[in-house]
Amino acid sequence: MTTTSTDLLQALIEGALPDSNGFFGPFGGRFVPETLVPALERFEAGAREALADPMFHTELRQHQEGWVGRPTPLAFAPRLSAAWNAQVWLKREDLAHTGAHKINNALGQALIARRIGAERVVAETGAGQHGVATAAACARVGLPCIVYMGSKDVERQAPNVVRMRRMGAEVRPVTTGDATLRAAVDEAIRHWVGYPEGTHYILGSAVGPHPFPWIVREFQKVIGVESRRQMLEKAHRLPDVAVACVGGGSNAVGFYHGFLADASVELHGAEAGGVGAHVGQHAATMSGGTPGVLHGSRSMLLQDEHGQVSDTQSVSAGLDYPAIGPEHALLAHVGRVAYHAVRDDEAITALDELSRLEGILPAVEPSHALALAKHLVRDRPGATVLVNVCGRGDKDMPILTRLADEHAQSEGSA
Amino acid sequence: MRAHERISDAIAKGRDTHGIALVAYVTAGFPTMDAFPGILADACAHADVVEVGIPFSNPIADGGTLQATSRVALEHGATMPAIMDELRGMHGSLDAPLLLMGYLNPLLAYGLDRLATDAESAGVNGVIVPDLPPESLEVARPIIDARLATIGMVSPVTHEDRLQSIVERASGFVYAVASVGVTGQHRNDQADITAYLQRVREASPIPVCAGFGIREKAHVDALRGACDGVIVGSALMEAVGEGRSVGDLLRLLR
Ligand SMILES: Cc1ncc(COP(=O)(O)O)c(C=O)c1O
């Protein structure tokens, strides 16, 4: 018996995926050392119990309203709309506490960690946004927190390192591997392998072994649910096109879930196209990847013919990851979402455009989504497009300063 | 004899002869592709079973030593096809049966059907895949059907019902992770390891070998009688890295 794409999409919409083994069709699963399995089982049981408990939802809602600042606004972008000849709407996740969507998941998991009796939290971070969100959530619920961060990212996202430490987290720079997000995940997993009993690992994207892709999506779904409701309230219609950026895919999967059942809404994902299409020049997993197993799940993966994971490159630390969440692999497989590579320079141009026309300085990650959205509406005058602005650009000052300096230098020498 | 029985028999024989069987792990391609065959032959001359480590770019269950040997091996081109070629060339000349030990992804990239077909000519009797828990063992169907050993891994944190299902599906031997943590660290903070090994042995119809953090003769001696064999990896690779002989260290551990 073969399961058709339509069946799989229907199962996803109805909430039947992941299945009990953590699979989204052919993707997902739990490919981890045995030492971690009991911890994952304990977490899964705790999460199921929490999500079925109205008290948990009341508590979560209180934190979301009074601390995160939810619901985040959805607003029309008048000058960008004029420039693009489209109706452009922005979901303002950049206004969430700590500056990105990452807080939705960090808060939810920290509350569960406390419920299941964890004594300590460990996390990885790329852009530092998940690290900051986890540091904040741990401060809020009263749990010690250790954050692993690639040494390359410690440098390019320096302000976030200070923020994490100020909120009481211990930041451990990772110099092994590629010294970016992938290496930070490796180290966080190794830490957890050493302390699987008292520690909870708050994984920051919709990747990793079951139940992470599921639980992260459940906590990020709030973006899509709010967006759909707000579009109907404010625009009195659904978007023609909805766009998000995709690193591991947590903001995107949560955003898409608001619209999966709306066949009229085209869904698109922007991946990090880096500086070119060659191996090592980008982190566009869907465009350049093949199925494989990394960090506990089977999904699309940038790898060589021998199954060794490829190096990646991107201006955005948050998208600089060689894999993607298994649910995205399924969404691409069934044709519900189209994924595109967006280059660094295109993202930076889009960052400038939003900053100058709307007074919103986005993070470099959602700048990829903005560049893609502009491209998608080019041939569709008047189309209604919704972009998830999943984070703000304050953290990107080191890289933006460097780019400005380089620009000034090339102007000077010209 | 089936391939997996070659492994369990070798462990039983090592235990009966020496009181405890010795399993050696060597990273294929470390310190170079050229030096590897000599190191492998030396390991086979002094151990009952030898694990040939397949390097991977993201070894999440490994400590610093094996992360480093993997990285170096990959730089030297230790791909699955290159390793299998090397093993085919040595087939018949080695004194101990071989297992492949490696993370799932490079094995998937090689193809598990292809591995099942090629195993015999390369003298490979089974696999140890640290990121393949029993729930997902179906992925390794071609390996199981070829009667190759699928070594089951258990950990001190594995509870009773999982332990049962792991040992039931395992063949060759059961790999009892002796220390909660990554490879290479000897942790003295472990609660009674012999009670844990006793529990695994009672559940398992096949031999039980303990590994992770076994570095010295004292560690080996402490486990005599508690399990059928011990697995030594990081300590051997550190010796190789320092230019010392694997055979000497294995003799010392005996
Ligand atoms: C602002 C922002 N957007 C997007 C991402 C990418 O993560 P994901 O794909 O899980 O949303 C990050 C990750 O750090 C981020 O900080």
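Predicted model only: the values in this text are computed from it and were never measured. Letters A, B, ... are given to chains in the order of the sequence lines, protein chains preceding strands, and every chain is numbered from 1.
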Inset, instruction - Select one option (side chain, backbone, both, neither) describing which atoms of A:T176 are under 4.5 Å from chain B's heavy atoms. - result: side chain
Legend entry - Within 45° cone and under 6.0 Å: B:R114 NZ/CZ vs B:Y110 ring: yes
Inset, instruction - Please determine, among B:R71, B:R162, B:M80, the option with the most heavy-atom pairs under 4.5 Å with chain A. - result: B:R162
Legend entry - Donor + acceptor pair across side chains of A:T199, A:E119 (<3.5 Å): no
Inset, instruction - Heavy-atom distances under 4.5 Å only: say whether A:R30 touches chain B with side chain, backbone, both or neither. - result: backbone
Inset, instruction - Applying side chain to side chain donor-acceptor pair (under 3.5 Å), name anything that partners B:D34, two or more places apart in sequence or on another chain. - result: none
Legend entry - Winner by heavy-atom pair count (cut-off under 4.5 Å) against chain B, out of A:R182, A:E41, A:E197: A:R182
Legend entry - chain A contact via B:L104 - side chain, backbone, both or neither, heavy atoms under 4.5 Å: side chain
Legend entry - Proximity breakdown for B:V154 and chain A, heavy-atom pairs closer than 4.5 Å: backbone
Legend entry - Modelled atom types, side-chain donor and acceptor of A:D320 and A:Q313, under 3.5 Å: no
Legend entry - Electrostatic pair A:R42-A:E44, nearest N-O below 4.0 angstrom: no
Inset, instruction - Select one option (side chain, backbone, both, neither) describing which atoms of A:L36 are under 4.5 Å from chain B's heavy atoms. - result: neither
Inset, instruction - Pick one of side chain, backbone, both or neither for A:E305, based on which atoms fall under 4.5 Å of a heavy atom in chain B. - result: backbone
Legend entry - Proximity breakdown for B:P55 and chain A, heavy-atom pairs closer than 4.5 Å: backbone
Legend entry - Interatomic distance, B:S234 atom OG to B:Q67 atom CD [nearest 0.5 angstrom]: 10.0 Å
Legend entry - Pairs meeting criterion salt bridge (Lys or Arg N to Asp or Glu O under 4.0 Å) with involvement of residues 72-87 of chain B, two or more places apart: B:D85-B:R88
Legend entry - Top contributor to chain B interface from A:R298, A:H306, A:R190 [non-hydrogen pairs under 4.5 Å]: A:R190
Legend entry - Donor on one side chain, acceptor on other, A:Q109 and A:Y201, under 3.5 Å: no
Legend entry - Per-residue contact mode, A:V309 against chain B (heavy atom under 4.5 angstrom): both
Inset, instruction - Examine whether an atom of B:I166 lies under 4.5 Å from a heavy atom of chain A, and if so say whether it belongs to the side chain, the backbone or both; otherwise answer neither. - result: side chain
